[in-house]
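Comments concern the structure below.
By convention in this document, chain letters (A, B, ...) are assigned in the order of the sequence lines, proteins followed by strands, and residues within each chain are numbered from 1. Because the structure is a prediction, the values reported are computed rather than measured.
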Amino acid sequence: MHSKKEIDEIIRLLEADYPDELCSLEYVKDYELLFATRLAAQCTDERVNQVTPAFYAAYPTLQSLAEADVADVEKYIHSCGFYHTKARDIVSAAQMLISDFGGRVPGTMEELLKLPGVGRKTANIILGDVYRKPAVVVDTHCIRLSNRIGLVNFEDPYKIELALRDILPPDKSNDFCHRLVLHGRAVCPARKPKCEICSIRGYCDYGKTH
DNA sequence: ATCCCGAGGG
DNA sequence: CCCTCTGGAT
């Protein structure tokens, strides 16, 4: 169990470690972030960034994506994995954005969750990064690090989202989740975490015992 | 064999 | 809760 003072210190240390470049997905338009996030499911951001330039060049508008042939979209995103589902989701989400949301990415959780292939994680990315609303993004890194640190002791993503919403200051939760991702990649991966160089080791249940 | 900024369905 | 969807890197 961590005190509020300890939580604040963890936030501060991670801010110092990762001052900027919080979002590692490259995008220009809002819907590009939405679809890049969909592509990032069980795939590295690095690989997503590798395929999106050619993909968005081939389909430069939301309308062109809505009219796209799913099999052709699959060719561009194939290396990201789950390409049948992802291609279908992207094309039908593009259609729904046009038909139901005036061609704009909506700014509420309820509306975002109506889009095919958009779950709470993707929705929170949009709420946080596009609309600058309080958002808790729970992905594989957030699950692993918040458990190792000892902020939570369960794996269910929605339960973690609710727990972190209570623990973290609303105006800092989104950036904090981004930094957990960066820290997860650089210092605290699933295998062989580098506790010896970790800035928050003293506040981490796992780090204190390893 | 395990992991990567998950979502949907049973 | 479980399972499936998938390629690429380690």
Original post:
When the nearest nucleotide of DNA chain B is assigned to A:C23 and to A:P116 on a heavy-atom basis, which residue is associated with the more 5' position?
Top reply: A:C23
**OP:** Provide, to the nearest angstrom, the distance between the CG atom belonging to A:N49 and the C1' atom belonging to B:dC4.
**Re:** 13 Å
Subject >> Upstream residue (5' side of DNA chain C) when A:K86 and A:D156 are each assigned their closest nucleotide >> reply: A:D156
**OP:** Looking at every strand, decide which applies to A:I143 at a 4.0 Å heavy-atom threshold: base, sugar-phosphate, or nothing.
**Re:** nothing
Original post:
Tell me: CZ of A:R185 to P of C:dT10, nearest whole Å?
Top reply: 14 Å
Original post:
A:D139 has an atom CG; how far is it from atom P of B:dC3, in whole Å?
Top reply: 15 Å
Original post:
Base, sugar-phosphate alone, or nothing: which one does A:L180 contact when heavy atoms must sit under 4.0 Å apart?
Top reply: nothing
Original post:
For A:V48, which contact category applies under a 4.0 Å heavy-atom criterion: base, sugar-phosphate, or nothing?
Top reply: nothing
Original post:
What nucleotide, of C:dT6, B:dA7, B:dC4, holds the atom closest to the side chain of A:T122?
Top reply: B:dA7
**OP:** Check the pair A:I90, A:L39 against side chain to side chain contact (heavy atoms under 4.5 Å, CB included), reporting the backbone distance first and the verdict last.
**Re:** CA-CA 9 Å; A:I90 288 171; A:L39 290 176; 3.8 Å; yes
Original post:
Base, sugar-phosphate, or nothing: which does A:H178 touch, judged by heavy atoms less than 4.0 Å apart?
Top reply: base
Original post:
Tell me: NE2 of A:H84 to P of C:dT6, nearest whole Å?
Top reply: 5 Å
**OP:** Determine the Euclidean distance between corresponding P atoms of B:dC5 and C:dC5; express it in Å to zero decimal places.
**Re:** 23 Å
Original post:
Base, sugar-phosphate alone, or nothing: which one does A:Y83 contact when heavy atoms must sit under 4.0 Å apart?
Top reply: sugar-phosphate
Subject >> Aromatic ring proximity, centroids under 6.0 angstrom, A:H183 and A:Y18 >> reply: yes
**OP:** Select base, sugar-phosphate, or nothing to describe what A:C177 touches, counting heavy atoms under 4.0 Å on all strands.
**Re:** nothing
Original post:
From the list B:dC4, B:dC5, C:dG8, which nucleotide is the closest neighbour of the side chain of A:T140?
Top reply: B:dC4
Original post:
Do A:I98 and A:Q63 have side chains that get closer than 4.5 Å, going by heavy atoms?
Top reply: yes
**OP:** Could you tell me whether A:R12 and A:D8 make a salt bridge, using a distance below 4.0 angstrom between a side-chain N and a carboxylate O?
**Re:** no
Subject >> Nearest-Å distance for atom pair CZ/C1', residues A:R88 and C:dT6 >> reply: 13 Å
Subject >> CG on A:L62 to CD on A:E67, rounded to 0.5 Å >> reply: 10.0 Å
**OP:** Report which part of the nucleic acid A:R144 touches: base, sugar-phosphate, or nothing (heavy-atom distance under 4.0 Å, all strands).
**Re:** sugar-phosphate
**OP:** Looking only at side-chain atoms of A:R47, point me to the closest of C:dA9, B:dA7, B:dC5.
**Re:** C:dA9
Original post:
At under 4.0 Å, does any side-chain N or O of A:H141 touch on OP1 or OP2 of B:dC5?
Top reply: yes
**OP:** Mind checking A:G119 for me? I need base, sugar-phosphate or nothing, with any heavy atom below 4.0 Å counting as a touch.
**Re:** sugar-phosphate
**OP:** To the nearest Å, give me how far apart CD1 (A:I77) and P (C:dT6) are.
**Re:** 10 Å
**OP:** Please state the P separation for the pair C:dC2 and B:dC3 - nearest whole angstrom.
**Re:** 16 Å
Original post:
In terms of side-chain heavy atoms of A:S24, which of C:dC5, B:dC5, B:dC4 is nearest?
Top reply: B:dC5
**OP:** Considering only atom P, compute the distance from B:dT2 to C:dT4 and round it to an integer number of Å.
**Re:** 16 Å
Subject >> Side-chain heavy-atom pair A:R185, A:S24 within 4.5 angstrom cut-off >> reply: yes
Original post:
Quick one: A:I90 CD1 to B:dG6 C1', roughly how many Å, whole number?
Top reply: 13 Å
Original post:
Rounding to a whole Å, what distance do you find between A:F82:CZ and C:dT6:C1'?
Top reply: 5 Å
**OP:** Hey, can you tell me if A:Y59 and A:F55 have their rings parallel, tilted or perpendicular (30° and 60° cut-offs)?
**Re:** perpendicular
**OP:** Please determine, for the side chain of A:R191, which listed nucleotide (B:dA1, B:dC5, C:dT6) has the closest atom?
**Re:** B:dA1
